[in-house]
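Beneath this line is the structure, given in structure tokens, with notes to follow.
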Amino acid sequence: RERVRERNLVTASKTNSAPPVRRPTAADVELLSAAQSTELAARDLYNSAIAAGAGGEHLASLVALSAHHDAYAQSISSLIGADAPQTRDDELFNSLVADFGSDTVGVALAAHGLENSIVAAHTTLVGELVGTDGAALMASIVITEARHCVALATIAGKSPVADIDLFLVTATSTPSA
């Protein structure tokens, strides 16, 4: 067992001569800034639906989802500091706001698609980031956003059996980050 561990350490040292970078690089800051703008657009889409009267018995869920995205944006901001744009992705927001009206089921389905796309985009982002702090943060966000997809499919009245793709398939098209 110790021999396997030593071999793994030798292999790792040959392939990774420099220690990993913890803090975001300049390229990471650009990518994380786009991710923050996506999170703020998602927050604002949920707030738009809430203001339009969506939610019903699921109002608390929509409020929580909005708060989650706000928290993600704040976490990204704390990581990248003064470089954080603090603005939503208006293109994403404007392309989806019409689907975030007063119909709770319609909002849940639109939000499911949004969350699914964000999961795909952020998963890709994790692999593109050089700094481990940013990658770890985005990976933690992806986990929760994937759970959002399941909750939203359930709010929309979808069945994990009859509508299995809503529960298991992740989008390949992605928002900007």
Side-chain angles (χ1 to χ4, degrees), residues 21-97 99-101 104 106-156 166-167 170-171 174-177:
V21 176
R22 290 193 62 206
R23 297 292 305 154
T25 64
D28 287 354
V29 169
E30 187 175 322
L31 294 169
L32 290 164
S33 292
Q36 184 198 44
S37 292
T38 298
E39 293 299 337
L40 292 171
R43 176 204 63 196
D44 290 351
L45 287 165
Y46 284 108
N47 287 343
S48 179
I50 293 163
E57 66 185 43
H58 301 290
L59 179 60
S61 296
L62 296 181
V63 170
L65 291 169
S66 173
H68 286 181
H69 288 285
D70 190 54
Y72 305 151
Q74 290 175 22
S75 295
I76 294 168
S77 180
S78 71
L79 181 64
I80 61 178
D83 292 323
Q86 305 296 348
T87 58
R88 74 175 180 215
D89 178 337
D90 280 329
E91 184 178 341
L92 177 62
F93 178 84
N94 291 331
S95 72
L96 295 175
V97 70
D99 297 328
F100 283 76
T104 301
V107 167
L109 290 172
H112 178 276
L114 171 66
E115 297 284 354
N116 203 346
S117 293
I118 293 174
V119 166
H122 287 353
T123 299
T124 299
L125 178 62
V126 168
E128 294 173 349
L129 293 169
V130 174
T132 57
D133 288 350
L137 173 62
M138 295 312 298
S140 70
I141 290 170
V142 166
I143 292 167
T144 306
E145 288 178 330
R147 292 176 180 161
H148 290 174
C149 293
V150 174
L152 288 161
T154 303
I155 289 171
L166 283 174
F167 290 85
T170 302
T174 60
S176 58

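Remark: H112 pairs with no residue by the ring-ring contact (aromatic ring centres under 6.0 Å, His included) rule, at least two apart or across chains. In terms of the ring-ring contact (aromatic ring centres under 6.0 Å, His included) criterion, H58 has no residue partners (sequence neighbours excluded). Among residues two or more places apart in sequence or in another chain, the side-chain contact (heavy atoms from CB on, under 4.5 Å) test is passed with V29 by P24, S33, I80, D83. Residues meeting the side-chain hydrogen bond (donor to acceptor under 3.5 Å, both in side chains) test with E91, sequence neighbours left out: none. Considering only residues two or more places apart in sequence or on other chains, D44 meets the salt bridge (Lys or Arg N to Asp or Glu O under 4.0 Å) condition with R88. Evaluation of the side-chain hydrogen bond (donor to acceptor under 3.5 Å, both in side chains) rule for S66 yields N47 as partners, not counting sequence neighbours. By the side-chain hydrogen bond (donor to acceptor under 3.5 Å, both in side chains) test, T144 is found to be paired with no residue, residues two or more places apart in sequence or in another chain being considered. Remark: N94 engages D90 in a side-chain contact (heavy atoms from CB on, under 4.5 Å) (not counting sequence neighbours).
Counting only residues at least two apart or in different chains, salt bridge (Lys or Arg N to Asp or Glu O under 4.0 Å) contacts with residues 56-82 comprise R43-D70. A salt bridge (Lys or Arg N to Asp or Glu O under 4.0 Å) check over residues 108-130, counting only residues at least two apart or in different chains, returns nothing. Among pairs with a residue in residues 117-127, none fulfils salt bridge (Lys or Arg N to Asp or Glu O under 4.0 Å), at least two apart in sequence or across chains.
For the pair R23 and L79, the minimum side-chain heavy-atom distance is below 4.5 Å. Counting heavy atoms from C-beta outward, L45 and V97 have side chains that approach closer than 4.5 Å.
Contact detail for Q86 and L40: the closest heavy-atom pair is C-CD1, 3.6 Å. Shown here for I118 and A42, the closest heavy-atom pair between the two residues is CD1-CB, 4.1 Å. Considering all non-hydrogen atoms of both residues, I155 and S61 come closest at CD1-CB, 3.8 Å. The minimum heavy-atom distance between A41 and L92, with the atom names listed, is CB-CD2, 4.0 Å. V119 and C149 get closest at one heavy-atom pair: CG2-SG, 4.5 Å. The two residues A73 and Q36 have their closest heavy-atom pair at O-NE2, 3.2 Å.
The aromatic rings of H68 and Y72 are tilted relative to each other, their planes meeting at an angle between 30° and 60°. Using cut-offs of 30° and 60° on the angle between ring planes, the pair F100 and Y46 is perpendicular.
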Between E39 and Q74, does a side chain to side chain contact (heavy atoms under 4.5 Å, CB included) hold up when you go through it step by step? CA-CA 9 Å; E39 293 299 337; Q74 290 175 22; over 6 Å; no
Steps toward side chain to side chain contact (heavy atoms under 4.5 Å, CB included) verdict (L32, L129): CA-CA 9 Å; L32 290 164; L129 293 169; 4.0 Å; yes
Residues L152, L65; criterion side chain to side chain contact (heavy atoms under 4.5 Å, CB included); working and verdict: CA-CA 10 Å; L152 288 161; L65 291 169; 3.7 Å; yes
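Within the model, atoms CG of D28 and CG of L125 stand 8.0 Å from one another, a figure rounded to the nearest 0.5 Å. Rounding to the nearest 0.5 Å gives a distance of 8.5 Å between CG of L114 and OG of S95.
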Distance-only donor-acceptor hits, side chain of residues 130-138, under 3.5 Å, sequence neighbours excluded:
from, atom 1, to, atom 2, distance (Å)
T132, OG1, V21, O, 3.4
D133, OD1, R22, NH2, 3.4

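At least one donor-acceptor pair closer than 3.5 Å links the side chain of S117 to the backbone N or O of G113.
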